[in-house]
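Inspection log for the structure reproduced underneath, given as structure tokens.
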Amino acid sequence: MIPIPIRAATSDDAAAISDLIQQAVRHGNVADYEPEIIDRICANSSPAMVSRRMAEREVFIGEVGGRIAGTVSLRGDKLYSLFVAVERHGQGIGRYLVDHLEARAIGKGVRTLRLSAALGARSFYERLGYRVLAYEPRDDGSTWLMVKDLDAAG
Ligand SMILES: CC(C)(COP(=O)(O)OP(=O)(O)OC[C@H]1O[C@@H](n2cnc3c(N)ncnc32)[C@H](O)[C@@H]1OP(=O)(O)O)[C@@H](O)C(=O)NCCC(=O)NCCS
């Protein structure tokens with residue numbers, strides 16, 4: 001794919017990030033979770049919650065034509081909140097954002113990156129070199145705990 005600009009998000013981006021996450025969840029995760037879980041994930045992705053998380057995570061956004069095409073976050077040795085705009089799925093943006101985050105994590109001395117994958121995203125992350133460590137049953141949407149050794153990534 002053509003490289004897209006990626007930058008750190010600011011609180012001015014919170015509403016647009018929240019919209020993107022909620023649309024991506026309602027489109028991409030409905031097959032794997034009950035409607036009330038989907039509602040809970042969306043409530044947990046309100047603009048206020050997105051803003052609050054910016055205080056504790058590095059939040060990045062990728063842009064196409066001045067619009068947010070995807071987002072991903074880093075806190076410590078864990079990748080959080082990878083979401084790609086519905087109309088941009090399948091264009092390599094998810095992989096590109098993960099590549100960016102891995103480079104950022106390596107720069108911060110992270111050797112093994114962890115993430116909690118939505119059930120339907122497991123194969124996506126496996127394609128990118130992640131392996132499953134455990135199933136994580138959770139009231140707000142069960143996930144797969146996955147890891148990748150960054151120093152082994154080629
Ligand atoms: C999962 C998600 C981030 C993938 O982003 P994307 O930009 O569509 O993915 P890409 O185009 O970069 O795909 C990279 C590779 O993974 C594959 N892939 C993408 N989504 C996949 C899926 N759900 N299952 C299996 N493989 C998938 C692509 O075919 C591609 O393979 P290739 O490189 O061999 O051609 C996106 O679909 C999304 O936002 N989903 C809803 C929210 C979600 O589940 N986020 C993850 C939370 S942990």
Side-chain angles (χ1 to χ4, degrees), residues 1-7 9 13-47 49-50 52-54 56-105 110 112-150 153-154:
M1 70 162 287
I2 299 167
I4 61 169
I6 297 179
R7 64 172 173 84
D13 300 309
I17 293 172
S18 169
D19 271 0
L20 182 151
I21 293 176
Q22 296 195 36
Q23 286 179 28
V25 166
R26 292 198 184 281
H27 176 273
N29 301 121
V30 283
D32 300 313
Y33 298 106
E34 297 297 322
E36 52 272 25
I37 299 286
I38 295 288
D39 288 344
R40 217 173 291 168
I41 296 171
C42 287
N44 201 26
S45 306
S46 66
M49 295 297 278
V50 169
R52 192 180 305 172
R53 274 188 219 109
M54 282 182 195
E56 55 195 35
R57 299 177 190 171
E58 281 187 282
V59 179
F60 297 98
I61 54 175
E63 294 178 305
V64 177
R67 292 174 63 89
I68 299 179
T71 181
V72 67
S73 308
L74 179 67
R75 181 185 185 185
D77 65 350
K78 193 160 185 187
L79 177 157
Y80 290 90
S81 297
L82 172 69
F83 295 98
V84 172
V86 171
E87 68 277 14
R88 300 258 172 220
H89 283 187
Q91 298 178 11
I93 292 173
R95 181 192 286 276
Y96 193 74
L97 288 167
V98 173
D99 285 351
H100 174 86
L101 204 86
E102 289 176 359
R104 179 72 179 164
V110 175
T112 301
L113 192 62
R114 298 182 299 135
L115 59 86
S116 292
L119 299 180
R122 172 180 168 164
S123 312
F124 164 79
Y125 287 115
E126 283 175 339
R127 258 181 155 73
L128 273 56
Y130 289 80
R131 67 180 193 280
V132 170
L133 273 194
Y135 179 70
E136 304 175 304
R138 291 161 44 156
D139 289 345
D140 59 350
S142 298
T143 47
W144 294 105
L145 176 63
M146 302 184 75
V147 295
K148 180 175 178 178
D149 296 325
L150 299 180

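Along the sequence shown, residues carry numbers from 1. Note that ligands are numbered from 1 as they come in the structure, with each ligand's atoms numbered from 1 the same way.
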Counting non-hydrogen protein atoms only, what is the nearest one to [atom]? Give residue, atom name and distance.
atom                    : result
atom 7 (O) of ligand 1  : G94 N, 2.8 Å
atom 36 (C) of ligand 1 : H89 NE2, 3.6 Å
atom 44 (O) of ligand 1 : N29 ND2, 3.0 Å
atom 39 (O) of ligand 1 : V84 N, 2.9 Å
atom 46 (C) of ligand 1 : L82 O, 3.3 Å
atom 34 (O) of ligand 1 : R127 NE, 3.0 Å
atom 8 (O) of ligand 1  : G90 N, 2.8 Å

Distance under 4.0 Å to a non-hydrogen atom of [X]: what atoms of ligand 1 satisfy this?
X    : value
A24  : 41 (C)
Q91  : 11 (O)
S123 : 24 (N), 25 (C)
A117 : 48 (S)
S116 : 48 (S)
G92  : 10 (P), 11 (O), 12 (O)

Rounded to the nearest 0.5 Å, what separates atom [atom1] in [X] from atom [atom2] in [Y]?
X    : Y    : atom1 : atom2 : answer
Y33  : I41  : OH    : CD1   : 6.0 Å
Q91  : I4   : CD    : CD1   : 9.5 Å
I93  : R88  : CD1   : CZ    : 5.5 Å
S73  : R104 : OG    : CZ    : 12.5 Å
S116 : Y135 : OG    : OH    : 12.0 Å
S81  : R75  : OG    : CZ    : 12.0 Å

What's the shortest heavy-atom distance between [X] and [Y], and which atoms?
X    : Y    : result
A118 : W144 : O-CD1, 4.5 Å
C42  : V25  : SG-CG1, 4.2 Å
G76  : V110 : O-CG2, 3.7 Å

### Task
Specify whether the nearest protein heavy atom to atom 41 (C) of ligand 1 is under 4.0 angstrom away.
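Answer yes: something from the protein, a heavy atom, is under 4.0 Å.
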### Task
Give a yes or no on whether atom 48 (S) of ligand 1 lies under 4.0 Å from any heavy atom of the protein.
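Answer yes: something from the protein, a heavy atom, is under 4.0 Å.
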### Query
For atom 1 (C) of ligand 1, which of Y80, F124, Y125, F83 has the closest heavy atom?
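Nearest option to atom 1 (C) of ligand 1, by heavy atoms: F124.
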### Task
Report yes if the side chains of M146 and R122 come closer than 4.5 Å at any heavy-atom pair, otherwise no.
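In contact.
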### Sub-4.0 Å heavy-atom approach of Y96 to ligand 1
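No; Y96 lies far enough from ligand 1 that no heavy-atom distance drops under 4.0 Å.
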### Query
Would you say V25 touches ligand 1, if touching means a heavy atom closer than 4.0 Å?
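V25: no contact with ligand 1 (<4.0 Å).
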### Message
Between ligand 1 and R95, is the shortest N or O to N or O distance under 3.5 Å?
### Response
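For ligand 1, there is an N or O atom that lies under 3.5 Å from one belonging to R95.
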### Query
Would you find a donor on one side and an acceptor on the other, under 3.5 Å apart, between the side chain of S18 and the backbone of S45?
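Side chain of S18 to backbone of S45: a pair is present.
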